[in-house]
Colleague: 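Got a structure here, written out as C-alpha cells. Questions coming.
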Amino acid sequence: MSQHMMEGVTENVLASGDAPWHERLADFAHARRAALLGHRDGARVFAGTHPTGGNVLGFSDALVGVLLDAGFPADDAARTLYAVSNFTVGHTLEEQAADSEENGGPGAAGRLRAAVADGSYPHLRAASSALAGTDFDRHFEYGLGLLIDGLRARRCPVGEA
C-alpha cells in the first residue's frame with residue numbers, strides 16, 4: 001500500500017524545477033503529506049513500515065540527492081530524510097486521527113478546550129487556540145519551517161542565506 005500511495009509522487013516533485021534546496025525539501029514534504037492524505041488512514045498505513053519498493057526508495061533517493069547537491073554530507077542528508085519524513089508522517093497521522101470518528105472527530109478540539117478551561121493547566125489554556133486548532137496546514141507549515149530553519153542554521157551551503 002505504501003508503494004501505491006507514493007506512485008508518481010517523485011516525478012511530480014522533480015518536475016518542480018531547480019529551486020533552492022530548502023524549497024525543494026519543502027516540496028518533498030508537501031508531496032508526501034498530500035499522498036498520505038489522499039488515502040483513508042494513509043499515514044497510519046505508512047507509519048512504522050520500512051518499504052523497499054521503487055516508489056518509496058525513489059522518493060527517498062531524490063530527496064537525499066537534493067541535499068547532497070546542496071553540499072550536505074551524506075550522513076546529514078540521511079538524517080534529514082528521517083527527520084522530515086518522520087515529522088511529515090507523524091503530523092499527518094495526527095491530522096487524520098483528529099478527523100476520525102474513532103478519535104472523536106472534529107469535536108475532539110472542543111473537548112481539549114473544555115479540559116483546560118478551568119485553569120488547572122494555565123499554560124495549555126493560554127495556548128489552547130493553537131493546541132485545539134484544526135488548521136493542520138498552518139501547523140504543518142510551522143513545524144516544517146522549524147526543521148528547515150534549523151537545517152539552514154546548522155549547515156548553510158556556500159552562497160545561501
Side-chain angles (χ1 to χ4, degrees), residues 1-10 12-14 16 21-68 70 72 74-113 115-116 121 123-155:
M1 186 66 178
S2 298
Q3 280 296 102
H4 172 71
M5 285 189 279
M6 295 302 294
E7 188 173 339
V9 174
T10 304
N12 290 340
V13 175
L14 292 177
S16 68
W21 70 266
H22 50 90
E23 291 177 19
R24 295 186 74 201
L25 179 63
D27 289 345
F28 275 95
H30 289 120
R32 174 161 281 164
R33 179 174 174 238
L36 298 175
L37 286 172
H39 296 83
R40 182 175 172 262
D41 295 325
R44 185 185 293 189
V45 170
F46 199 91
T49 64
H50 299 281
T52 56
N55 292 336
V56 175
L57 291 181
F59 180 90
S60 299
D61 185 68
L63 191 155
V64 168
V66 165
L67 296 166
L68 292 174
F72 285 83
D75 286 353
D76 289 354
R79 290 183 182 104
T80 299
L81 167 67
Y82 280 136
V84 172
S85 292
N86 290 342
F87 166 72
T88 302
V89 172
H91 170 86
T92 309
L93 181 66
E94 292 296 326
E95 180 176 0
Q96 289 180 318
D99 286 337
S100 78
E101 291 194 22
E102 174 184 317
N103 290 311
R111 286 195 305 281
L112 176 59
R113 277 199 255 345
V116 300
Y121 306 97
H123 302 93
L124 295 178
R125 183 178 180 192
S128 67
S129 65
L131 288 172
T134 56
D135 186 348
F136 292 103
D137 292 336
R138 188 170 182 188
H139 295 322
F140 184 76
E141 291 305 321
Y142 185 83
L144 182 60
L146 288 175
L147 286 169
I148 290 172
D149 288 349
L151 287 165
R152 290 176 82 173
R154 176 172 261 213
R155 173 91 176 120

Colleague: List the residues meeting side-chain hydrogen bond (donor to acceptor under 3.5 Å, both in side chains) with Glu23, not counting sequence neighbours, and say none if there are none.
Modeller: none
Colleague: Evaluate the side-chain proximity of Leu25 to Leu63: yes if any heavy-atom separation is below 4.5 Å, no if none is.
Modeller: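 Side chain of Leu63 against side chain of Leu25, heavy atoms only: contact under 4.5 Å found.
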Colleague: Could you give me the CA-CA distance, side-chain angles and deciding distance for Leu147 and Phe87, then say whether side chain to side chain contact (heavy atoms under 4.5 Å, CB included) is met?
Modeller: CA-CA 9 Å; Leu147 286 169; Phe87 166 72; 3.7 Å; yes
Colleague: Ignoring hydrogens, what is the shortest heavy-atom contact between Ile148 and Trp21? Give both atom names and the distance.
Modeller: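 Where Ile148 meets Trp21 most closely, the heavy atoms are O-CH2, 4.4 Å.
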Colleague: Any chance you could measure Arg44, atom CZ, to Leu93, atom CG, to the nearest 0.5 Å?
Modeller: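 One gets 7.0 Å once the value is rounded to the nearest 0.5 Å.
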Colleague: Of all heavy-atom pairs between Ala43 and Thr92, which one has the smallest distance, and what is that distance?
Modeller: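 Closest heavy-atom pair between Ala43 and Thr92: CB-C, 3.7 Å.
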Colleague: side-chain contact (heavy atoms from CB on, under 4.5 Å) with Ala115: which residues, sequence neighbours excluded?
Modeller: none
Colleague: Less than 4.5 Å apart, side chain to side chain, heavy atoms only: is that true for Leu14 and Arg24?
Modeller: yes
Colleague: Under the side-chain contact (heavy atoms from CB on, under 4.5 Å) rule, collect the residues that match up with Asp75, sequence neighbours excluded.
Modeller: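 Asp75 satisfies side-chain contact (heavy atoms from CB on, under 4.5 Å) with Arg79 once adjacent residues are dropped.
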Colleague: Keeping His139 on the side-chain end and Gly133 on the backbone end, is there a donor-acceptor pair under 3.5 Å?
Modeller: yes
Colleague: Which value, rounded to the nearest 0.5 Å, describes the distance between Asp76 atom CG and Leu151 atom CG?
Modeller: 8.5 Å
Colleague: Any side-chain heavy atom of Val84 sitting closer than 4.5 Å to one from Phe28?
Modeller: no
Colleague: Quick one, Thr134 with Glu95, criterion side chain to side chain contact (heavy atoms under 4.5 Å, CB included). Give me CA distance, side-chain angles, the key distance, then yes/no.
Modeller: CA-CA 8 Å; Thr134 56; Glu95 180 176 0; over 6 Å; no
Colleague: Listed by chain and number, what are the side-chain hydrogen bond (donor to acceptor under 3.5 Å, both in side chains) partners of Asp137, not counting sequence neighbours?
Modeller: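 Partners of Asp137 by the side-chain hydrogen bond (donor to acceptor under 3.5 Å, both in side chains) criterion, ordered by chain and then number, come out as Arg33.
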Colleague: Do side-chain atoms of Thr49 reach the backbone of Phe46 as a donor and acceptor pair under 3.5 angstrom?
Modeller: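 Checking the backbone N and O of Phe46 against the side chain of Thr49, a donor-acceptor pair under 3.5 Å is found.
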Colleague: Please give me the minimum heavy-atom distance between Met6 and Ala35, naming the atom from each residue.
Modeller: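 Looking at all heavy atoms of both residues, the shortest contact is SD-CB, 4.2 Å.
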Colleague: Leu68 and Phe72: which non-hydrogen atoms are nearest, and at how many Å?
Modeller: CD2-O, 3.5 Å
Colleague: Closest approach of Gln96 and Leu36, non-hydrogen atoms and distance?
Modeller: NE2-O, 3.1 Å
Colleague: Of all heavy-atom pairs between Ala98 and Phe136, which one has the smallest distance, and what is that distance?
Modeller: CB-CZ, 3.6 Å
Colleague: Output a table of donor-acceptor pairs, distance under 3.5 Å, between side-chain atoms of residues 124-131 and any protein atom two or more places apart or on a different chain; print 'none' if there are none.
Modeller:
{"from": "Arg125", "atom 1": "NH1", "to": "Ala117", "atom 2": "O", "distance (Å)": "3.4"}
{"from": "Ser128", "atom 1": "OG", "to": "Arg125", "atom 2": "O", "distance (Å)": "3.0"}

Colleague: Does Glu94 have any side-chain contact (heavy atoms from CB on, under 4.5 Å) partners at least two apart in sequence or in another chain, and if so, which?
Modeller: none
Colleague: Distance-only, no hydrogens or angles: does the Asp135 side chain make a donor-acceptor pair with backbone N or O of Arg138 under 3.5 Å?
Modeller: yes
Colleague: Taking the inter-plane angle between the rings of Phe140 and His91 on a 0 to 90° scale, is it parallel (under 30°), tilted (30 to 60°) or perpendicular (over 60°)?
Modeller: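 Rings of Phe140 and His91: tilted, as their planes differ by 30° to 60°.
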Colleague: For residues Val89 and Arg32, determine if any side-chain heavy atom of one lies less than 4.5 Å from a side-chain heavy atom of the other.
Modeller: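 When only atoms from C-beta onward are counted, Arg32 and Val89 do touch, with a gap below 4.5 Å.
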